[in-house]
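Labels below follow one simple rule: chain letters A, B, ... track the order of the sequence lines, proteins then strands, and each chain is numbered from 1. Note that this is a predicted model, so its numbers are computed, not measured.
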2 protein chains.
Amino acid sequence: MSLRAIIDKSLGDRPAAKGRIRQRQEGAILKAAEKVFARAGYQGATLNEIAETAGVPKPTLHYYFSSKEALYRAVLDNILALWLAETDTLTVDADPAAALEHYVRAKMRLSAERPDASRVFANEILHGAGHIGYFLRSELRELVRDRADVIARWVADGRIAPVDGTHLFFTLWAATQTYADFDSQICAVLGKARQTVADHVRATDHVLTVVMRTCGLPWPRTDVPPTLPEARHTCST
Amino acid sequence: MSLRAIIDKSLGDRPAAKGRIRQRQEGAILKAAEKVFARAGYQGATLNEIAETAGVPKPTLHYYFSSKEALYRAVLDNILALWLAETDTLTVDADPAAALEHYVRAKMRLSAERPDASRVFANEILHGAGHIGYFLRSELRELVRDRADVIARWVADGRIAPVDGTHLFFTLWAATQTYADFDSQICAVLGKARQTVADHVRATDHVLTVVMRTCGLPWPRTDVPPTLPEARHTCST
DNA sequence: TCGGAACCTGACTGTTTGGTCAGATTCCGT
DNA sequence: ACGGAATCTGACCAAACAGTCAGGTTCCGA
């Protein structure tokens, strides 16, 4: 089953691919909603502000999304798909160092490029995950179980140092998402108005160091030529 | 200057030690407010719910705290003091392994015993730290600078492996606080209704493993007898 | 025990919020 | 060019909210 199919199944399908106008408007509204929900949380966000940000009158919001709740769910839908991605490389047959590096870089990239998505997700979890509890308890739990098994195999085969795979994921998520979720704290401590690309590179290198040393893997990697420079990011807040 | 004095100075002093009744009532209200703010965030929390939780009529809230904002600030005040604590052992002369273990355990204990405090703090940072930006940019920033210097000295003296002190704090905070802030996600992935004491022990051991290996320190420690069993925790959600 | 201060609260208010609706306008297949 | 469907919106509403206030009760030092 495809990822999209899994998500659709869990969240209840919404009618697909409507008209041209509908697609553009829904996109604009979802984008605005993600920004406002990220800044103010579910309760703190107002439909007025979302409408203003999207550049449409408030009733237009209700034309496309029946309620604030429905709009929020739609925003979460898009985010959940992002959250399960990039774990494909974590397989028993993969090279642990390469696979972990790929996953960490993907997570750090997500924090830098989609901080609002990360914040909406964090806010939802922080306040009890009332809207996505089923997702966490089914899709995410199964994914973690599978990947933790891979970690356990690597450990059993002596390919990485002994480590709890499940908790490794908790640490990895926390360490990467903190750069998006707690951006204001990080900027304050760094004494900057916003994180720069250089900060992002340094942070990525640090998290990779933490993960690699935790798994007893050499870092920087010595068996392969250095990876290509990262794609350009938007680190703006 | 004492920690309390620093906090008072930064946040604007509130008249100290009032009458017996006032002290008890303010305490009950603050406790209820922390719980409600943690569950629903600032905007989501209602004075009605806080009043009900505290077991007093709503106007009584306004008798002790002039506004919702003032009550929220008072809740944050108590939390900020907790946040700066336990860093005393991180000094140049200390044993890196012992000092780091102490700090990590203190942070994990805080996540287990005061999850609501952690969540209120997380929520405040997540939404831009509008109320405590000055605190992050002054007190916290100075503290991190000092402690990061200690880490740098340890590195320079070859006592721990090379690591960025500032980012090590980001990682350490993220890894420890995730057990409080993202409790609902962790419980879902673990397939439990709440984290148990055993889970807490396992999580603490994992985070210690991550930190120690990151710093190139032996773990479990071999130079000292095992520490005494941890004090009993309340891990209930 | 007396009197002022501290404490308490039912009933209220102005504002903001999510949501509705009738009717106007635009789109687009035929 | 026609007509039904899709899209749009100004004006409105009920509920929930933070905050107020007048008037009561309890506390406690002298």
Side-chain angles (χ1 to χ4, degrees), chain A residues 14-77 120 123-124 127 130-131, chain B residues 14-77 120 123-124 127 130-131:
Chain A
R14 281 175 303 130
K18 304 294 190 57
R20 197 184 88 261
I21 297 176
R22 183 174 209 93
Q23 216 155 340
R24 176 164 40 87
Q25 291 288 62
E26 285 188 351
I29 292 169
L30 285 171
K31 186 177 169 187
E34 182 177 286
K35 182 188 291 187
V36 176
F37 280 132
R39 205 180 48 75
Y42 177 74
Q43 311 258 14
T46 71
L47 293 183
N48 259 314
E49 191 181 350
I50 294 173
E52 206 170 323
T53 303
V56 301
K58 194 174 54 161
T60 298
L61 251 57
H62 281 97
Y63 177 73
Y64 288 104
F65 298 94
S66 59
S67 66
K68 185 185 183 180
E69 170 100 10
L71 175 55
Y72 182 64
R73 297 273 298 230
V75 169
L76 278 179
D77 283 10
V120 171
N123 191 71
E124 171 65 16
H127 296 126
H131 299 84
Chain B
R14 281 176 303 129
K18 303 294 190 57
R20 199 184 87 258
I21 297 176
R22 183 173 208 92
Q23 216 155 341
R24 176 164 40 86
Q25 291 287 65
E26 284 187 351
I29 292 169
L30 285 170
K31 187 177 167 186
E34 182 177 287
K35 183 188 291 186
V36 177
F37 280 131
R39 204 179 49 74
Y42 177 73
Q43 312 257 14
T46 71
L47 293 182
N48 258 314
E49 191 180 350
I50 294 173
E52 206 170 322
T53 304
V56 301
K58 193 174 56 161
T60 299
L61 253 56
H62 281 97
Y63 177 73
Y64 288 104
F65 299 93
S66 59
S67 66
K68 185 184 185 182
E69 169 100 10
L71 174 56
Y72 182 65
R73 297 273 298 231
V75 170
L76 278 179
D77 283 9
V120 171
N123 191 71
E124 171 65 16
H127 296 125
H131 299 86

Asker: Tell me the interatomic distance from B:Gln23, atom CD, to C:dC7, atom C1', rounded to whole angstroms.
Answerer: 15 Å
Asker: Rounded to whole Å, how long is the line connecting atom NE2 of A:His62 with atom P of C:dT20?
Answerer: 6 Å
Asker: Think A:Arg22 has a side-chain N or O under 4.0 angstrom from the OP1 or OP2 of D:dA6?
Answerer: no
Asker: So, B:Glu124 side chain and B:Gly130 main chain: donor-acceptor pair closer than 3.5 Å or not?
Answerer: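 Confirmed, B:Glu124 side chain pairs with B:Gly130 backbone.
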Asker: Dump every N/O contact between nucleotides 9-14 of chain C and the protein below 3.5 Å, one line per pair.
Answerer:
residue : atom : partner : partner atom : Å
C:dT9   : OP2  : B:Thr60 : OG1          : 3.2

Asker: Please examine the side chains of A:Val56 and A:Tyr64, heavy atoms only from C-beta on, and report whether any two atoms are closer than 4.5 Å.
Answerer: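 No; the side chains remain at least 4.5 Å from each other.
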Asker: Whole Å only: how far is the CD atom of A:Glu49 from the P atom of C:dT17?
Answerer: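 Computing the A:Glu49:CD to C:dT17:P distance gives 9 Å.
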Asker: Between A:Thr46 and A:Val36, is there a side-chain heavy-atom distance shorter than 4.5 Å?
Answerer: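 Side chain of A:Val36 against side chain of A:Thr46, heavy atoms only: no contact under 4.5 Å found.
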Asker: Can you tell me how far C1' of C:dG18 sits from CZ of A:Phe37, to the nearest Å?
Answerer: 12 Å
Asker: Determine the contact category for A:Ala51: base if any of its heavy atoms lies under 4.0 Å from a base atom, sugar-phosphate if only primed atoms, P, OP1 or OP2 are that close, otherwise nothing.
Answerer: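 Counting heavy atoms under 4.0 Å across all strands, no contact is made by A:Ala51.
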Asker: Quick one, B:Leu61 and B:Lys68 - any side-chain contact, counting heavy atoms below 4.5 Å?
Answerer: no
Asker: Looking only at non-hydrogen atoms, find the nearest pair between B:Gly41 and B:Asn123 and report the distance.
Answerer: CA-ND2, 3.6 Å
Asker: Can you tell me how far CG of B:Leu47 sits from OG1 of B:Thr60, rounded to the nearest 0.5 angstrom?
Answerer: 12.0 Å
Asker: What's the spacing between B:Tyr63 OH and B:Arg22 CZ if we round to 0.5 Å?
Answerer: 5.5 Å
Asker: If every non-hydrogen atom of A:Lys35 is compared with every non-hydrogen atom of A:Thr53, which pair is closest and at what distance?
Answerer: CD-CG2, 4.4 Å
Asker: To 10°, what angle do the rotation axes through the five end pairs on each side of the helix from C:dT1-D:dA30 to C:dT30-D:dA1 form?
Answerer: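 About 30° separates the two local helix axes.
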Asker: Ion pair present between B:Glu52 and B:Lys58, side-chain N to carboxylate O less than 4.0 angstrom?
Answerer: no
Asker: So which protein N/O to nucleotides 27-30 of chain C N/O distances come out below 3.5 Å?
Answerer:
residue : atom : partner : partner atom : Å
C:dC28  : OP1  : A:Arg20 : NH1          : 2.7
C:dC28  : OP2  : A:Arg20 : NH1          : 3.4

Asker: Does a nitrogen or oxygen in the side chain of A:Tyr64 sit under 4.0 Å from OP1 or OP2 of D:dA6?
Answerer: no
Asker: Quickly work out the A:Arg24 CZ to D:dT7 C1' distance and round it to whole Å.
Answerer: 11 Å
Asker: Taking side chain as C-beta onward, heavy atoms only, is B:Phe37 less than 4.5 Å from B:Leu76?
Answerer: no
Asker: Does B:Ala70 reach a base, just sugar-phosphate, or nothing at all? Heavy atoms under 4.0 Å.
Answerer: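 Nothing, no nucleic acid heavy atom in range.
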Asker: Once you round it to whole Å, what is the distance between P of D:dC8 and CZ of A:Phe65?
Answerer: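 Computing the A:Phe65:CZ to D:dC8:P distance gives 12 Å.
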Asker: Answer yes if the ring centres of B:His127 and B:Tyr42 are under 6.0 angstrom apart, and no otherwise.
Answerer: no
Asker: Would you mind reading off the distance between A:Glu52 atom CD and C:dG18 atom P, rounded to a whole angstrom?
Answerer: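 About 13 Å, once rounded to whole Å.
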Asker: In Å and rounded to the nearest 0.5 Å, what is the CD to CZ distance from A:Gln25 to A:Phe65?
Answerer: 10.0 Å
Asker: Rounded off to whole Å, could you give me the OH-to-P distance for the B:Tyr42 and D:dC17 pair?
Answerer: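 Between P of D:dC17 and OH of B:Tyr42: 14 Å.
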